[in-house]
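See structure below.
As a basis for the values below, the full set of heavy atoms in this structure was taken, side chains included, without hydrogen atoms, waters or symmetry mates. As the structure is a computational prediction, the values presented were derived from the model and not from experiment. One-based numbering, in listed order, for ligands and for the atoms of each.
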Amino acid sequence: MKITIVYDNEANPGLKSGWGFSCLIEAKEKILFDTGDSSENLIYNLRQLNIQPESVAAVVISHNHWDHTGGLKEFSKLNNNAKVFHPKSFSKPTEILPGVHSTGALGGLIKEQSLVVNTEKGNLVITGCAHPGLENIIERSRELGEIYGVVGGFHGFSNFDELEGIQLIGPCHCTQYKQQIKERYPGEFKDIKAGSIIEI
Ligand SMILES: [Zn+2]
Ligand SMILES: [Zn+2]
């Protein structure tokens, strides 16, 4: 199982950064999770990372904020066969593709879904902005099995005890307390930006 961060507020050399998030999940099939804020930057980074848009089987949108939906329209022009799963598609955990579940929409005003991906070491939870509260996303994800890692935007999450026992912690995008999380979990912390690759 491999994840490539395609879009983030920070980027490795050769890639464009922008406020937003997107990553490619390579499980049995390829899934694009979120599309960043700028279609131009998204398409540019996909090219630089040698990701063929037409190879993607599904696009999952975490929630309807511009920094996650911005590239969707242009991406769909390059691949109109990919199934698109919007945040309101599911109200409870559902398997979208083999080994990949949506948590279902969580939260009040802002409905947001996260992904739970099976890996050999346990489940990897991938979040967009974590508006429903990362602790709530973690709680829902635990219904699907043990959590190995959590990657994505953690927003204002500060209940750091909740991450106890999780072996890979990759806060990025809108995470407000990245530095504090790094200090609390230095061994588990992974610095994530566009171009980062996680293989489990
Ligand atoms: Zn966001
Ligand atoms: Zn948001």
Side-chain angles (χ1 to χ4, degrees), residues 3-12 15-25 31-46 49 56 58-76 84-91 96 100 102-117 124-141 149-160 162-163 168-182 189-196 198:
I3 292 194
T4 306
I5 309 300
V6 175
Y7 206 111
D8 186 54
N9 302 33
E10 294 176 43
N12 283 332
L15 296 173
K16 293 195 171 161
S17 60
W19 184 277
F21 185 67
S22 173
C23 68
L24 182 82
I25 299 147
I31 298 171
L32 189 69
F33 179 71
D34 285 341
T35 61
D37 71 332
S38 142
S39 55
E40 201 183 319
N41 289 357
L42 177 79
I43 306 299
Y44 180 89
N45 284 357
L46 286 172
L49 293 162
V56 171
V59 179
V60 176
I61 297 295
S62 63
H63 65 299
N64 284 324
H65 278 167
W66 55 274
D67 53 328
H68 299 258
T69 60
L72 181 59
K73 206 171 155 192
E74 287 304 313
F75 181 86
S76 300
V84 180
F85 296 101
H86 291 282
K88 286 180 184 166
S89 303
F90 313 108
S91 57
I96 295 179
V100 181
S102 163
T103 57
L106 293 171
L109 269 182
I110 306 163
K111 293 282 179 215
E112 179 170 343
Q113 64 182 335
S114 306
L115 288 183
V116 180
V117 184
L124 182 71
V125 179
I126 306 170
T127 60
C129 274
H131 292 296
L134 189 66
E135 44 278 86
N136 296 321
I137 294 169
I138 286 174
E139 197 181 310
R140 171 69 70 87
S141 301
V150 185
V151 170
F154 289 11
H155 216 64
F157 171 75
S158 61
N159 195 354
F160 305 135
E162 288 289 326
L163 297 171
L168 188 157
I169 301 170
C172 56
H173 177 41
C174 57
T175 306
Q176 288 170 27
Y177 301 111
K178 204 194 239 188
Q179 192 54 36
Q180 288 89 333
I181 294 168
K182 186 177 181 175
F189 181 88
K190 188 165 170 61
D191 203 12
I192 299 282
K193 50 186 78 164
S196 297
I198 300 168

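Surrounding CD of Gln176 are more than 12 heavy atoms belonging to other residues, nucleotides or ligands, all under 6.0 Å away.
A donor and an acceptor atom, one from each side chain of His173 and Asn9, are located under 3.5 Å apart.
Contacts of Trp66 classified as side-chain hydrogen bond (donor to acceptor under 3.5 Å, both in side chains), with partners at least two apart in sequence or in another chain: none. Listed by chain and residue number, Glu10 satisfy the salt bridge (charged side-chain N to carboxylate O under 4.0 Å, His left out) test with Lys178 (two or more places apart in sequence, or in another chain). Judged as a ring-ring contact (aromatic ring centres under 6.0 Å, His included), and not counting sequence neighbours, His86 has no contacts.
For the Zn ion (ligand 1), protein N/O/S neighbours under 2.8 Å (waters excluded) are Asp67 OD2, His68 NE2, Cys129 SG, His173 NE2.
Between the Thr103 side chain and the Ser114 main chain, a donor and an acceptor come within less than 3.5 Å of each other.
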